Q: 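Quick one: the structure is below, and I'll ask about it shortly.
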Amino acid sequence: MGKSALAIDLAGRFDTDIINADSRQVYKEMCIGTARPSPAQMAVVRHHLAGVRSVRDRYNASLFETEVLELLSLLYTRKDAVIMAGGSGLYIDAVCGGIDEFPPVDRRVREKLREIHRERGLEAIKLMLLQADPEYYHKTDLNNPMRILKALEITEMTGRPYSSFLTGEKKTRNFTAIKVGVDLERSQLYDNINRRVDLMMESGLLEEAASLMPYKGLNALNTFGYKEIFLYLEGRISLDEAVDLIKRHTRQYARRQLTWFRRDKGVRWFHPGEADEIYEYVLNKIEQHELAGD
RNA sequence: GGUGCCAUAGCUCAGUUGGUAGAGCAACGGACUGAAAAUCCGUGUGUCCGUGGUUCAAUUCCACGUGGCACCA
């Protein structure tokens, strides 16, 4: 869509830094396949939280929330505004409104529950959820094993139903978020995506992915751009098929991002080329906010 | 040149003992509280290749044509 380039443009105008809101660009080993900003771009504008973790590390929306809040308290001593850019909606919402706190989950508990799911299927874990947390059972998507497993993990760890941790409260922050979304014609978006993937291949995505093959079981590598190359390296599909799949999966992800942000009525939508208009919009918002005396 | 098989959704293919059709993938829409580039849900009007014939009725049967594939020359 052109989020990164727009963010760099705006960061220049506001003389500020960018915080990366992308769940896969945090991994230092995943560079080409996540289109992490280039060293040249990073030299122009300071980017935070890109390439700061290993694929072997556990990372999630809550850790991101914590890290960004710490970072922001630091940045706001020097900057009036900070730009956060990326497509990971849950991560952005965690920063802007917070997510409820859960206790950490023991690896063995997680493994045990996954094994039950693997061996006895969805019905088995659904039944467990019905007993452990009927409230959540009636509320959640029962076809989605990840949701069920998550709830069971927390219930198992604490002896309390998962739903008792869900307050739905929006946390107050000491900053105001001005949200800007970008969208453009599908045909053009898809052209951009196809071109971007071709460029990744020219830049050595195959080699990067091949070097990460030993980690293919890790969550970080359950990512389009990598998993398709793994299929190729295993001889299951041709390289052309892999590239086509990467393009397709990237397109589908772009649509899912739109679905997420469209739900947020606080987002103001622009064409990615409207940098001037976006700058004006943000300036006005800041001004209104200051007049309101906040 | 001859013979046989095939032609149905964007793609791969089911199917209709004759009453105008449905799966997977794609596409589109949606959901989303520590795996989120993850995971999950919903949406199927298409000259059923063309023309003619048989029939109350043809995408289905028959003939011819067109295109593809295979085999024989």
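This one's a predicted model, so the numbers in the text were calculated from it and none came from an experiment. Proteins come first, then strands; the chains are lettered A, B, ... in the order of their sequence lines, and each starts at number 1.
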Q: Hey, is the side chain of A:Asn222 poking within less than 4.0 Å of OP1 or OP2 on B:U39, counting only N and O atoms?
A: yes

Q: So what does A:Tyr59 hit on the nucleic acid, given a heavy-atom distance under 4.0 Å: a base, only sugar-phosphate, or nothing?
A: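 The answer is sugar-phosphate, as A:Tyr59 gets under 4.0 Å only of primed atoms, P, OP1 or OP2.
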
Q: Quick check for you: among B:G30, B:C28, B:G34, whose closest atom lies nearest to any side-chain atom of A:Tyr190?
A: B:C28

Q: Quick one: look up who B:A63 pairs with, Watson-Crick or G-U, both distances under 3.5 Å, and put none if it's unpaired.
A: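 Looking at the geometry, B:A63 pairs with B:U51.
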
Q: Would you mind classifying the nucleic acid contact of A:Asp93 as base, sugar-phosphate or nothing, using non-hydrogen atoms under 4.0 angstrom?
A: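 It contacts nothing in the nucleic acid.
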
Q: A:Gly87 near the nucleic acid: base, sugar-phosphate alone, or nothing, with a heavy-atom cut-off under 4.0 Å?
A: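 Sugar-phosphate, backbone atoms only, no base.
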
Q: If you only use heavy atoms from C-beta on, which nucleotide in B:C40, B:A27, B:A35 is closest to the side chain of A:Lys150?
A: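 Of B:C40, B:A27, B:A35, B:A35 is nearest to the side chain of A:Lys150.
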
Q: Output yes when at least one side-chain N/O atom of A:Asn143 is less than 4.0 Å from OP1 or OP2 of B:A31, else no.
A: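 So the side chain of A:Asn143 is outside the cut-off, no N or O lying under 4.0 Å from OP1 or OP2 of B:A31.
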
Q: Could you check B:G34 for me: syn (within 90° of 0) or anti?
A: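 Chi for B:G34 falls in the syn range.
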
Q: Distance check: side-chain N/O of A:Arg147 vs OP1/OP2 of B:C40, anything under 4.0 Å?
A: no

Q: So, the side chain of A:Tyr226 versus the backbone of A:Gly33: is there a donor-acceptor pair under 3.5 Å, distance only?
A: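 Indeed, once roles are kept as given, a pair shorter than 3.5 Å links the two residues.
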
Q: Which part of the nucleic acid does A:Glu101 contact within heavy-atom distance under 4.0 Å: base, sugar-phosphate only, or nothing?
A: base

Q: Please state whether the phosphate of B:A26, meaning OP1 or OP2, lies under 4.0 angstrom from any side-chain nitrogen or oxygen of A:Gln252.
A: yes

Q: Are any side-chain N or O atoms of A:His47 and backbone N or O atoms of A:Val45, one a donor and one an acceptor, separated by less than 3.5 Å?
A: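 Side chain of A:His47 to backbone of A:Val45: a pair is present.
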
Q: Indicate, with a heavy-atom threshold strictly under 4.0 Å, whether A:Tyr91 touches base, sugar-phosphate, or nothing.
A: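 Sugar-phosphate: the residue A:Tyr91, judged by heavy atoms under 4.0 Å, touches backbone atoms but no base.
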
Q: Can a donor-acceptor pair be found between the side chains of A:Ser163 and A:Asp133 at a distance below 3.5 Å?
A: yes

Q: Assign A:Asp100 to base, sugar-phosphate, or nothing according to its heavy-atom contacts below 4.0 angstrom with the strands shown.
A: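 The answer is base, as A:Asp100 lies within the cut-off (heavy atoms under 4.0 Å) of a base atom.
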
Q: Closest-nucleotide mapping onto RNA chain B: is A:Leu166 or A:Phe224 further toward the 5' terminus? I mean the 5' end.
A: A:Leu166

Q: Pick base, sugar-phosphate or nothing for A:Thr34, based on heavy-atom distances below 4.0 Å to the nucleic acid.
A: base

Q: At under 4.0 Å between heavy atoms, what does A:Arg255 touch on the DNA or RNA strands: base, sugar-phosphate, or nothing?
A: base

Q: What's A:Gly89 touching, base or sugar-phosphate or nothing? Going by heavy atoms closer than 4.0 Å.
A: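 Contact class for A:Gly89: none.
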
Q: Within the structure shown, what part of the strands sits under 4.0 Å from A:Arg251 by heavy-atom distance: base, sugar-phosphate, or nothing?
A: sugar-phosphate

Q: Any side-chain N or O of A:Arg256 below 4.0 angstrom from OP1/OP2 of B:A38?
A: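 Yes, A:Arg256 has a side-chain N/O under 4.0 Å of OP1/OP2 on B:A38.
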
Q: Return no unless some side-chain N or O of A:Tyr226 is found under 4.0 Å from OP1 or OP2 of B:A38.
A: no

Q: Suppose you measure atom P in B:A21 against the same atom in B:C48; what distance do you get, rounded to whole Å?
A: 11 Å

Q: Using a cut-off of 4.0 Å on non-hydrogen atoms, how would the nucleic acid contact of A:Lys171 be classed: base, sugar-phosphate, or nothing?
A: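 Counting heavy atoms under 4.0 Å across all strands, no contact is made by A:Lys171.
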
Q: Please classify the nucleic acid contact of A:Arg114 as base, sugar-phosphate, or nothing, using heavy-atom distances under 4.0 Å.
A: base

Q: Looking at every strand, decide which applies to A:Ser88 at a 4.0 Å heavy-atom threshold: base, sugar-phosphate, or nothing.
A: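 The answer is sugar-phosphate, as A:Ser88 gets under 4.0 Å only of primed atoms, P, OP1 or OP2.
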
Q: Considering every strand and a 4.0 Å limit on heavy-atom distances, what is the contact class for A:Tyr27: base, sugar-phosphate, or nothing?
A: nothing

Q: For A:Lys216, does the NZ atom have more than 12 heavy-atom neighbours from other residues, nucleotides or ligands under 6.0 Å away?
A: no

Q: Between B:C61 and B:U45, how far apart are the two P atoms, rounded to whole Å?
A: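 One P to the other, the span is 24 Å.
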
Q: From C-beta outward on A:Lys227, which listed nucleotide comes closest to its side chain: B:A38, B:A36, B:U33?
A: B:A38

